Amino acid sequence: MDELAKLDATAQAELVAKGEASPLELVEAAIARIEKVNPQVNAVVTTFYDKAREEAKAGPAKGPFTGVPNLVKDLDNLKGTKATSGCRLLAENISPETDPVIAGFEAAGFVMLGKSNTPEFGLLGTTESVLLGPCNNPWNLEHSPGGSSGGAAAAVASGMVPLAHATDGGGSIRIPASCCGVFGLKPSRGRIELGERQLPGDIGFQHCVSRSVRDSATALAVSEKQGANAVLPPVGRVEGPGKKRLKIAFSTADYTAREPDADVKAATESVAKLCEELGHEIVPATSEVNGEAFKDAFLAAWASGPSQLLALVKQMGLDPEAVLEPWTIGLANLFDSKPADTLEKALAEFAIVTAETASFMADYDVWLTPMLSAAPPKTGEQGPSVPFDTLYERVFNYVTYTPVHNVAGTPAMSVPLSWNEAGLPIGAQFAAPLGQERVLLELAYELEQARPWADKYPPVFAG
């Protein structure tokens, strides 16, 4: 079990391919690891071990990840299993169907063991819902693992599973990847089939968090749209560093010209220096996005869903405070206080931001910024019951670097290259023009070799 905890998904699949381990053995070992450390971390909130064992015995699909354990984020659906979205309203909800991304993962050979922790409807950058309870960061249990894919990232960082499904509506793959010291790539808009469910402005994305770059690269290759269904030229399987030296735009200030905390700034500058040492060109540059206009537009789109949800709860005759968190209700009330054309205007601003970002990035291969404005916060500092106005300022100041890539549809990744003096991870965010995941993954391979993180394990680790 200890050795398996340190192997990435590719290495575990190779054991199965060589006949050195069976899918059932991988599943049983992962179950034992979850049982060992999950009581401290609370990353896995629903389990279906018997279902997983049956699939492992019967033989998972043949693919690059045959027999490898995985988790489904509890915002998404696996037929016949609980899907709560971290909300008391859906505490006993059972998924009638499997979402396309999850079906694709199963077709690649993954065996799903359970559901990973998430904030209510993925609406926060931390993971501490009233229903599911706080997920703790394995690097320091008093701190948040980020969100909204906090359970996924904490499970991977602590060695429960080598890779976990994750989603990203405003940074929710990249934020927890940064907080937990793992790798997280948000693909381009249109890269992966998402099904009918989508957020306003098509800002929602799906992929995974992983310990290694190669796991994420392979998962993208098996998940991306192919043939007539593809809206972007396929990436294919990226297997190592690229030879081209890149022109990298670099800035540490956010779109409101505010600088991050000193440890984050120093870490990001260190990453820029590393890129220069590798032969890449670093160019100080700032995008022309109007920060305040963008912030208002993103909030409007973000709050439109809670507004619809609150209306539904009232139609059902339920007490909103009994089934929805204060943050969700606060977002709904804020949206409802706005003019009727608020969402329409927000989407128009999204179009402007998308064009401005495309124009800015046309001059560069990659754009390097901090991932977050600060190291992982303590649990409770951004919890859903913090007074709304206080929480609003904390959230949007914290996640200020990520949402622009959801709106623009550009691929972006968090690479775990730094830790502060307190031992907390600090990821670096790299983005590329639409459709250029290959550039990002080749750079990630190079950075992984130059400043390895595979041998860094948190204090709470299943191995």
Side-chain angles (χ1 to χ4, degrees), residues 166 168 171 173-174 177-178 182-192 205-210 212-226 230-251 268 271-287 354-371 401-402 404-417 427-453:
D168 194 314
I173 289 174
R174 294 158 287 154
S178 176
V182 297
F183 180 74
L185 169 71
K186 181 197 78 65
S188 294
R189 178 174 295 127
R191 176 68 67 194
I192 292 176
F205 299 79
Q206 302 219 14
H207 191 36
C208 66
V209 288
S210 61
S212 69
V213 175
R214 68 178 183 174
D215 280 358
S216 187
T218 302
L220 184 69
V222 299
S223 300
E224 67 176 339
K225 296 178 184 178
Q226 302 279 353
V231 297
L232 295 167
V235 178
R237 188 166 181 172
V238 182
E239 298 184 342
K243 295 181 179 180
K244 178 185 176 182
R245 298 300 84 188
L246 305 174
K247 184 179 181 182
I248 302 176
F250 172 61
S251 55
T268 313
V271 171
K273 183 179 179 181
L274 173 62
C275 290
E276 280 190 320
E277 291 171 351
L278 294 171
H280 302 291
E281 179 186 4
I282 297 293
V283 183
T286 305
S287 79
T354 299
E356 289 175 340
T357 303
S359 176
F360 170 73
M361 298 191 72
D363 293 329
Y364 307 97
D365 299 300
V366 172
W367 182 14
L368 167 62
T369 67
M371 261 304 313
Y401 298 94
T402 56
V404 67
H405 297 297
N406 294 80
V407 170
T410 39
M413 63 183 182
S414 178
V415 188
L417 296 170
Q429 178 169 248
F430 293 88
L434 184 71
Q436 296 302 309
E437 285 93 332
R438 174 171 288 274
V439 172
L440 291 181
L441 289 168
E442 288 179 344
L443 176 59
Y445 273 116
E446 186 176 11
L447 294 168
E448 186 180 35
Q449 293 177 6
R451 192 181 286 182
W453 59 81

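A quick note: this is a predicted structure, and the numbers were derived from the prediction, not measured.
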Which value, rounded to the nearest 0.5 Å, describes the distance between [X] atom [atom1] and [Y] atom [atom2]?
X	Y	atom1	atom2	result
Met413	Leu447	CE	CG	6.0 Å
Leu443	Leu278	CG	CG	8.0 Å
Leu185	Asp168	CG	CG	9.5 Å
Thr268	Phe250	OG1	CZ	6.5 Å
Leu368	Phe430	CG	CZ	4.5 Å
Thr410	Gln436	OG1	CD	11.5 Å

Does [X] use its side chain to pair, donor to acceptor, with the backbone of [Y] at less than 3.5 Å?
X	Y	result
Arg189	Gly435	no
Tyr364	Pro433	no
Gln226	Pro234	no
Ser188	Arg191	no
Ser216	Gly184	no
Arg214	Gly240	no

Check your understanding: Could you give all pairs that pass the salt bridge (Lys or Arg N to Asp or Glu O under 4.0 Å) test and reach residues 441-451, with sequence neighbours left out?
Key ->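 Those involving residues 441-451 are Arg245-Glu446, Arg438-Glu442.
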
Review point. Going by the salt bridge (Lys or Arg N to Asp or Glu O under 4.0 Å) test, which pairs reach into residues 354-366, not counting sequence neighbours?
Key: Lys244-Asp365

Check your understanding: Regarding His207 and Ser223, is there a side-chain donor-to-acceptor distance under 3.5 Å anywhere?
Key -> no

**Study point:** Ser414-Gln429 side chain donor-acceptor pair, cut-off 3.5 Å
**Key:** no

Evaluate the side-chain proximity of [Y] to [X]: yes if any heavy-atom separation is below 4.5 Å, no if none is.
X	Y	value
Ile192	Phe205	no
Val238	Thr218	no
Glu224	Glu437	no

List the atom of [X], the atom of [Y], and the distance in Å for their closest heavy-atom pair.
X	Y	answer
Ser251	Pro370	O-CD, 3.4 Å
Leu232	Gly190	CD1-C, 4.4 Å
Phe183	Ala444	CE1-CB, 3.7 Å
Thr354	Ala408	OG1-CA, 3.7 Å
Ile173	Cys208	CG2-O, 3.7 Å
Cys275	Ile282	CB-CD1, 3.9 Å

Check your understanding: Going through the distances and angles, do Glu276 and His280 end up as a side-chain contact (heavy atoms from CB on, under 4.5 Å)?
Key -> CA-CA 5 Å; Glu276 280 190 320; His280 302 291; over 6 Å; no

Check your understanding: Thinking salt bridges, do Glu281 and Lys247 make one under a 4.0 Å N-O criterion?
Key ->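 A salt bridge is absent here (no side-chain N lies under 4.0 Å from a carboxylate O).
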
Practice item. With side-chain contact (heavy atoms from CB on, under 4.5 Å) as the test, would you mind laying out the steps for Trp453 and Leu417 before giving the verdict? Key: CA-CA 7 Å; Trp453 59 81; Leu417 296 170; 3.9 Å; yes

Exercise for review: Quick one: sort the Phe360 and Trp367 rings into parallel, tilted or perpendicular, breaks at 30° and 60°.
Suggested key: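 The arrangement is perpendicular - the two ring planes meet at more than 60°.
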
Review point. Can you list the steps and then say if Leu220 with Val235 is a side-chain contact (heavy atoms from CB on, under 4.5 Å)?
Key: CA-CA 8 Å; Leu220 184 69; Val235 178; 4.2 Å; yes

